[in-house]
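Notes follow the structure.
In each ligand, atom 1 is the first atom listed, and ligand 1 is the first ligand listed. Keep in mind that what you see is a predicted model, and the values were worked out from it rather than measured. Excluded from the calculations below are hydrogen atoms, water molecules and symmetry mates; all remaining heavy atoms, backbone and side chain alike, are included.
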Amino acid sequence: MTAVDLPARFPASVHADRLRRAAREAAARGIDALLVTPTADYRYLLGYAAPGLERLTCLVLRADGDPALVLPRLEEPLARHELGALGEDLAIVPWDETDDPFRLVAGLLGGAAGRVAVSDQMWASSVLRLRALLGSVELVVASPAMSALRRVKSAEEVERLRLAAHAADEAMDAIRSGPLAGRAEREVSARIRNLLLDAGHETADFAIVGSGPNSASPHHEPGDRVIAEGDAVVLDIGGMRAGYGSDTTRTVFVGEPAEEFRRLYEVLARAQLAAVAAVAPGVPAQEVDRAARRIITEAGFGDAFIHRTGHGIGLETHEVPYIVEGNAEPLRAGEAFSIEPGIYLAGRWGARIEDIVVCGADGADVLNRSSRELISVG
Ligand code: ZN
Ligand code: ZN
Ligand code: ZN
């Protein structure tokens, strides 16, 4: 199947199965029901992005019963259209403008609920309203149950992540073919967003261009600075393709790289490779961070590596597992995450190399394939 043929949607059977697994996961955790408002969890379970507005849309997934979808009546046609065959597996409960949707949700929970999990990104106004209505019910966040399902990707999800990575690589290679000198960061960033869309992304979500001293600021907001000879330039780009995220960073040098920068980059490249090589099922996530940090620290740049080594990626750009000191959870086959060490010398320059990898049975499957060499651009 080529990229062009790839359907953005999974068949209804996949979502029906996810709904059943989510109910089982909730039950196993002593949760009587999951309340899921429009978020990545909602997309994961139902396969479409509902508008997350002040009017309540909420999937009520009881651990012991059939799922119900409470939504404003005006959203019902969209939901039925988007849900397709999955709509038959759900009770769709529309509410009118004069109804109280929170009472509808409370009614669907029944009197027996003792513990209810709500989406981490449910609006505070909704949580507080539910809190007031649900009396003695204990409210907890849904992320432990939902991430247990979402963190391990199916083969079809990995294929989507791979296509997203390749599309980002294409954009990266195009921008690295230069020239960059004489162009403002903002202009290069806008060009990258177009390249991401041209390569098949539905959305271009970020295009960090940090040049010269700005390359030492990991989340630099591209501005009016004009890129010049002698600059290191950090390019960190990504978006969504077929519903799944891309996120890759390459660092280039404008003109012939300074000897000092070459040394820094060589250390960084070795650290990034070491972290990739540390990936295997059963390895604590923090060991991958340590593998990169050890090399950077031994080279004397320990204080200049000011962030974790990586983050999970899937329907969201940042999700579990986090590759960070203190996370002793073992990696599992099928988990997808970034490996992105960086070295940042304030006021001078910085560099980062970022790939998305999937933990495979024998080690890391590196999804990005654009060159990690230090490229000199015009
Ligand atoms: Zn970042
Ligand atoms: Zn990134
Ligand atoms: Zn990242």
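- Side-chain polar atoms of S338 and E340 form a donor-acceptor pair below 3.5 angstrom.
- For E340, the N, O or S atom closest to the Zn ion (ligand 3) goes by the atom name OE2.
- Ring pair Y344/H307: centre-to-centre distance below 6.0 Å.
- Summarising the hydrophobic clusters (Ile, Leu, Val, Met, Phe, Trp, Tyr; side-chain heavy atoms under 4.5 Å, direct or chained), the residues clustered with V116 are L35, L56, V60, V70, V93, W95, F102, L104, V105, L108, L109, V118, M122, V127, L130, L133, L134, V137, L139.
- At least one N, O or S atom of D236, from either the backbone or the side chain, sits less than 2.8 Å from the Zn ion (ligand 2).
- Closest to the Zn ion (ligand 2) among the N, O or S atoms of D247 is OD1.
- The cluster map of Ile, Leu, Val, Met, Phe, Trp and Tyr, joined by side-chain heavy atoms under 4.5 Å apart, puts L315 and L45 in the same cluster.
- Centred on the Zn ion (ligand 3), the angle running from H311 (NE2) to E354 (OE2) is recorded as 120°, rounding to 10°.
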